[in-house]
Amino acid sequence: MQLSHPLRPTGVEAFIFPSGIRVEVARATPQFSVWTGVPPASTYGRKSVVDHDGRPAFAELSILWHLQAEGWGGAWVTHGGNRLIFRVGLMDVPPTEAVPAPLRRLLADIQAERGTTAGVWDVCCWRDGVFRFAEAKRGGRDRIRADQVLWLEAALRRGVPLDAFTVVEWTLDGSAPETPKARNVEPHLVPRPATIPTDVPAALRVSAHESVQAVYQPASDADYYEWIGRHPEGLVLSVRGRQLVLHRTSCSHINRNNNSITKAPKLCSTSRAALKRWAKEQGGLRDGIHLKACGTCKVEPE
Ligand SMILES: [Zn+2]
């Protein structure tokens, strides 16, 4: 069976960096077939096994193998104990060290800069001086995480062009993507499902300071709970008298049903900077107001 290329772009996905810079990354939406043969011994925590031209694979490996067939060198990059692990096969195939030197250098540089391996994109490749990165997400299930946004930002800062990146939102067989509450709600990721340009590279663009860093003040409890439901990694500033407490939306303190906004007004945002700015403005108006991070959910200072 002729497999269509899993990186063929069908749209774009917008990312907003903490700086406010917005970029659009190509999105591919391939459909994989479920593997119906003998299941592999280990599925790395019950990952879906897909059929890659008659071989069992994970989505990441199918993407990698497509690229390898075109002469790209690289790996499905995982990490453990702050160490990058380069995989080219299922779990019975030992990790490889055979990664193109420029790719290894870039990954090491970004790791050194960020102080963590977290956020590295799933499939990292290099060929003739060109990088290629893909992040595989099961459509409707997985989301781009903040770490992956920051990793993208670090790579772009190092001169990797935007068109080296593809978000691969894959589905299995004919099954429609599931639509859980979490879809499309990452703090720095603002998807634009409405536009599907046929020529994605032309649509890739960078423009600074598009407005998405706004602070939202819900007008009712229903609005508030709706917002936190749609922003599982957003931030909430809870106003209690002269104290402003910054929480993650997942924090139990601001999630309970008795947490009415009439008792403690809430400011919601995906941007810590925007909430801080707001708090500063308030501080300018009223003396003695201070902002603190909740001791339970511990939003790190930036
Ligand atoms: Zn909290």
Side-chain angles (χ1 to χ4, degrees), residues 14-22 45 79 82 114-120 137 140-154 179-191 211-302:
F15 288 65
I16 315 285
F17 299 136
S19 61
I21 300 280
R22 169 197 169 97
H79 47 102
N82 222 24
R114 301 197 57 236
T116 175
T117 54
V120 62
K137 295 292 170 208
R141 276 198 192 174
D142 302 331
R143 292 173 302 117
I144 296 285
R145 296 189 308 271
D147 260 331
Q148 293 161 338
V149 178
L150 297 174
W151 197 91
L152 166 67
E153 187 188 30
T179 48
K181 50 191 182 306
R183 170 75 182 112
N184 288 350
V185 287
E186 201 55 32
H188 304 298
L189 174 72
V190 180
S211 68
V212 222
Q213 306 280 335
V215 170
Y216 168 65
Q217 180 158 23
S220 69
D221 284 358
D223 286 350
Y224 169 61
Y225 284 108
E226 206 237 325
W227 191 90
I228 61 173
R230 281 187 296 110
H231 296 83
E233 298 190 51
L235 298 167
V236 172
L237 199 55
S238 184
V239 183
R240 286 191 178 269
R242 296 180 156 257
Q243 199 159 69
L244 306 175
V245 185
L246 189 59
H247 298 270
R248 299 174 192 281
T249 47
S250 55
C251 182
S252 58
H253 288 302
I254 53 153
N255 257 301
R256 295 189 189 116
N257 285 330
N258 62 4
N259 205 283
S260 170
I261 64 162
T262 52
K263 270 192 269 168
K266 303 283 190 287
L267 279 304
C268 306
S269 182
T270 56
S271 160
R272 188 171 317 165
L275 287 173
K276 269 191 159 166
R277 208 157 46 233
W278 181 90
K280 219 175 238 167
E281 285 163 15
Q282 297 302 302
L285 299 173
R286 294 185 284 166
D287 263 350
I289 288 193
H290 36 209
L291 178 66
K292 66 168 208 161
C294 164
T296 302
C297 60
K298 293 191 175 59
V299 179
E300 317 90 28
E302 50 216 15

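Only heavy atoms go into these numbers, but all of them, side chains included; no hydrogens, no water, no symmetry mates. Order of listing sets the numbers, starting from 1, for every ligand and every atom in it.
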Margin query: Applying side-chain contact (heavy atoms from CB on, under 4.5 Å) to H253 and C297, what does each step give before you reach the verdict?
Written below: CA-CA 9 Å; H253 288 302; C297 60; over 6 Å; no
Check: Where do R248 and I254 come nearest, in terms of heavy atoms and distance?
Finding: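 Closest approach of R248 to I254, heavy atoms only: O-CD1, 3.3 Å.
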Notebook entry, point to check: For the residue pair L235 and T249, what are the closest heavy atoms and their distance?
Noted result: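 Smallest heavy-atom distance, with atoms named: N-CG2, 4.1 Å.
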Which distance, rounded to the nearest 0.5 Å, do you find between the [atom1] of [X] and the [atom2] of [Y]?
X    : Y    : atom1 : atom2 : value
H247 : C268 : NE2   : SG    : 11.5 Å
K266 : Y224 : NZ    : OH    : 5.0 Å
D147 : T116 : CG    : OG1   : 6.0 Å

Margin query: Under 2.8 Å from the Zn ion (ligand 1), which protein N, O or S atoms do you find? Ignore water molecules.
Written below: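 Checking every protein N, O and S atom gives H247 ND1, C251 SG, C294 SG, C297 SG.
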